[in-house]
Number of protein chains: 2
Amino acid sequence: MSETRKRIVTATGELFRSQGFNGTSLKQVTEHADAPTGSIYHFFPGGKEELGAAVLRESGAAYQQLFELIADEAGDIVDAMPAFFNGAADALEETDFIDICPIGNIAREVASTHEPLREASVSVFAGWTEAIQTRLAAAGLDAAEAEALANTIIAAIEGGFMLARARRSTTDLRATGTHMQQLVAAALA
Amino acid sequence: MSETRKRIVTATGELFRSQGFNGTSLKQVTEHADAPTGSIYHFFPGGKEELGAAVLRESGAAYQQLFELIADEAGDIVDAMPAFFNGAADALEETDFIDICPIGNIAREVASTHEPLREASVSVFAGWTEAIQTRLAAAGLDAAEAEALANTIIAAIEGGFMLARARRSTTDLRATGTHMQQLVAAALA
DNA sequence: TATCTCCTAGAACGATCATTCTAGGCGAAT
DNA sequence: ATTCGCCTAGAATGATCGTTCTAGGAGATA
C-alpha cells in the first residue's frame, strides 16, 4: 500500500485526536502529511468523509490489536482490566492528553450528521466488543452477559478518556480500571 | 434575564447536541434562535467561544438538577442507577438519538483546542461528581471511594451515550445502568 | 418632547473551507 | 523510444465561516 496514503491516514488520525473531524481542515492534513491536495482526492475520491471513515476503520483495528496484545500479556481477563486502563492513562500523560481515542471523538461528534462515519464507528465498536466478549466467555461468562459487560467496559474507557482529557488528569481513568476489574471479577465469581 | 439570550443559549445547546461545536455555525444559531447576529455578540462579546462556555455551564447545571431529581425520586442511590440510565435511554429514543449530552460532546471535541471550553466542562463535571459523591457518602462510602465511584459512573454514562448514538440502540446503555447498580451495591455492602 | 440605554437588525469583510481542475513527473510495459 | 497509468502538484473556485460595523427601534427617564 502506498506510503503517501499511509502518511495521509496517520496524519489525519493524529489531527482528529486533538481537533475532531470538523475542527480538522484538509489543508492541515496536507501540511502534516506532506502530501498535496490531489493525493488526498486520488486515494479518497469521496473527500473528507471517505478519508475520515478510513481513519476510523484503520485506527480502530490498531486499537483492537493493542487491546488483544495487552489482554494476552496479562493472561487473565480480570488482570487485563487495570493493565488496559493504566496503559491508556500512561499514553495520555506522555502526550499531554492529546493521544485520546479518535474513534470515540468522531463517533460523538458526527454520528448524527455523517452516516458513513457513524457506520464506520459501529463496525469498529463491534470488533472491540467481540474481542472483549470472547475473552469473557472463555473465562466462563455466557454469551449475552459477556457482550453486555464488554460494552460497559468500552463505555467506561471512552467516558474515562473524556474526563481525563477535560481534567488533564488520569487519576479517575485508573480508578475506573479498578472498578471494571471488580465488575469482571464479580461477574465471573 | 433576557428572553433572546435564553433562546440563543437553548438553540445553541440543541445544535451542539447533534453537530458539536465546530460543526455548528453562528448562522444556524441565528436562524434556530430567531435572533440577529448582533444579539449574539451583544450577549456574548467573546463570540462563539463565550457562547459555547455559557451553553456548557447552563445545560450542565440543568443535567445536574435532573440527576438530583431522579436520585431523590428513586430514594436509594442503588436504585437511582438504573433509573438514571434508563431515563437517559428513553430520552435518546424519543429524540431519534439526537438528545445526547452536549457537555460530553464538546469536552471531547475541543478540550485540547479551546481552553475556556475545557474549563467550563471541568466545572460542570465537578458539580456532577459532587452530586453523586454526596449521595454515595451518605449511603456509607468514605469520601475518596465515593468520589472515585462517582467518576466511574459519569464515565460510564458518557461512554454509553457514545455507543448508543453510534449504534442507534439503547440496549447497551440500559445494561450499563445495571452494571453500575451492581458496582454501587457491591461498594456499599 | 428630548435624551439615553439596551437591544435588534443584517450588510459587509477578510479568512478559510472542501472541492475541482489542469498540468506534469515517473516507472513499467511495449 | 514511446506510450500509458498512477500519482504528485498546487492554483482556482465558489461557498461559508466568525467577526465587525453602522444604523435604528423600543421603552424608560427627564
Side-chain angles (χ1 to χ4, degrees), chain A residues 1-56 58 102 105-106 109-110 112-118 120, chain B residues 1-16 18-56 58 102 105-106 109-118 120:
Chain A
M1 183 160 309
S2 156
E3 278 303 316
T4 305
R5 204 201 102 109
K6 276 187 201 163
R7 281 207 315 281
I8 292 172
V9 170
T10 302
T12 307
E14 285 171 7
L15 292 165
F16 278 4
R17 271 170 248 240
S18 55
Q19 311 181 115
F21 180 81
N22 288 312
T24 298
S25 73
L26 293 185
K27 188 172 193 313
Q28 286 180 308
V29 172
T30 61
E31 286 165 0
H32 206 258
D34 195 30
T37 310
S39 293
I40 295 180
Y41 283 86
H42 172 75
F43 292 112
F44 307 99
K48 193 181 184 184
E49 202 173 59
E50 187 178 337
L51 168 59
V55 169
L56 289 196
E58 292 173 34
N105 273 13
I106 310 302
E109 185 184 357
V110 299
S112 294
T113 54
H114 292 70
E115 183 63 13
L117 296 180
R118 186 190 72 81
Chain B
M1 184 162 308
S2 157
E3 279 302 315
T4 305
R5 202 200 103 109
K6 276 187 200 161
R7 282 207 315 281
I8 292 172
V9 171
T10 302
T12 307
E14 285 170 8
L15 292 164
F16 278 4
S18 55
Q19 311 179 83
F21 180 80
N22 288 313
T24 298
S25 72
L26 293 186
K27 188 173 193 314
Q28 286 180 305
V29 172
T30 62
E31 286 164 2
H32 206 259
D34 195 31
T37 309
S39 293
I40 295 180
Y41 282 87
H42 172 74
F43 292 112
F44 307 99
K48 192 181 185 183
E49 202 173 58
E50 187 178 338
L51 168 59
V55 168
L56 289 195
E58 292 174 32
N105 274 13
I106 310 303
E109 186 185 356
V110 299
S112 293
T113 54
H114 292 70
E115 183 64 12
L117 296 180
R118 186 189 73 80

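Chain letters run A, B, ... following the sequence lines, proteins first, then strands; residues in each count from 1. The structure displayed is predicted, hence computed values, not measured ones.
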Salt bridge (charged side-chain N to carboxylate O under 4.0 Å, His left out): which pairs involve residues 34-45 of chain B, sequence neighbours left out?
none
With salt bridge (charged side-chain N to carboxylate O under 4.0 Å, His left out) as the rule and sequence neighbours excluded, what pairs involving residues 15-28 of chain A come up?
A:R17-A:D99, A:K27-A:E31
Using whole Å, report how far [atom1] of [X] lies from [atom2] of [N].
X	N	atom1	atom2	answer
A:Y41	D:dA11	OH	C1'	15 Å
A:I40	D:dG10	CD1	P	13 Å
B:F44	D:dT20	CZ	C1'	18 Å
B:L26	D:dG18	CG	P	4 Å
B:K27	D:dA15	NZ	P	13 Å

Earliest and latest nucleotide of DNA chain C, 5' to 3', sitting under 4.0 Å from a non-hydrogen atom of chain B?
C:dC7 to C:dG10
Would you indicate whether the side-chain heavy atoms of A:T30 and A:P36 approach each other to under 4.5 Å?
no
Pairwise side-chain contact, A:F44 with A:I8, heavy-atom cut-off 4.5 Å (strictly under):
yes
Please list, for nucleotides 4-7 of chain D, all pairs of protein and nucleotide N/O atoms separated by less than 3.5 Å.
| unit_1 | atom_1 | unit_2 | atom_2 | d |
| --- | --- | --- | --- | --- |
| D:dC7 | OP2 | A:H42 | NE2 | 2.7 |
| D:dC7 | O5' | A:H42 | NE2 | 3.4 |

Working to the nearest 0.5 Å, report the span between [atom1] of [X] and [atom2] of [Y].
X	Y	atom1	atom2	result
B:L117	B:S112	CG	OG	12.0 Å
B:N22	A:T24	CG	OG1	8.5 Å
B:K48	B:L26	NZ	CG	6.0 Å
A:S18	A:N105	OG	CG	9.0 Å

Show me the pairs that pass side chain to side chain donor-acceptor pair (under 3.5 Å) and involve residues 3-12 of chain A, at least two apart or across chains.
A:R5-A:E58
Near DNA chain C, counting only heavy atoms under 4.0 Å, which residues of residues 30-37 of chain B show up?
B:P36, B:T37
For DNA chain C, determine which residues of residues 9-25 of chain A have any heavy atom closer than 4.0 angstrom to one of its atoms, and list them numerically.
A:T24, A:S25
So which atom in A:P102 and which in A:G13 form the shortest heavy-atom distance, rounded to 0.1 Å?
CB-O, 4.3 Å
To the nearest 10 degrees, the angle between the two end axes of the helix from C:dT1-D:dA30 to C:dT30-D:dA1 (five pairs per end) comes to 10°
Counting the atoms with a prime plus P, OP1 and OP2 as sugar-phosphate, which does A:G47 contact under 4.0 Å by heavy atoms, base, sugar-phosphate, or nothing?
sugar-phosphate
Residues in side chain to side chain donor-acceptor pair (under 3.5 Å) with [X], at least two apart?
X	result
B:E50	none
A:T37	none
B:E49	none

Residues 8-42 of chain A vs ring-ring contact (aromatic ring centres under 6.0 Å, His included), sequence neighbours excluded, gives A:F16-A:F21, A:F21-A:H114
Could you go through the side chain to side chain contact (heavy atoms under 4.5 Å, CB included) check for B:Q19 and A:E109 one step at a time?
CA-CA 6 Å; B:Q19 311 179 83; A:E109 185 184 357; over 6 Å; no
Specify the residue among A:P45 and A:Q28 whose closest nucleotide of DNA chain C lies further upstream toward the 5′ end.
A:Q28
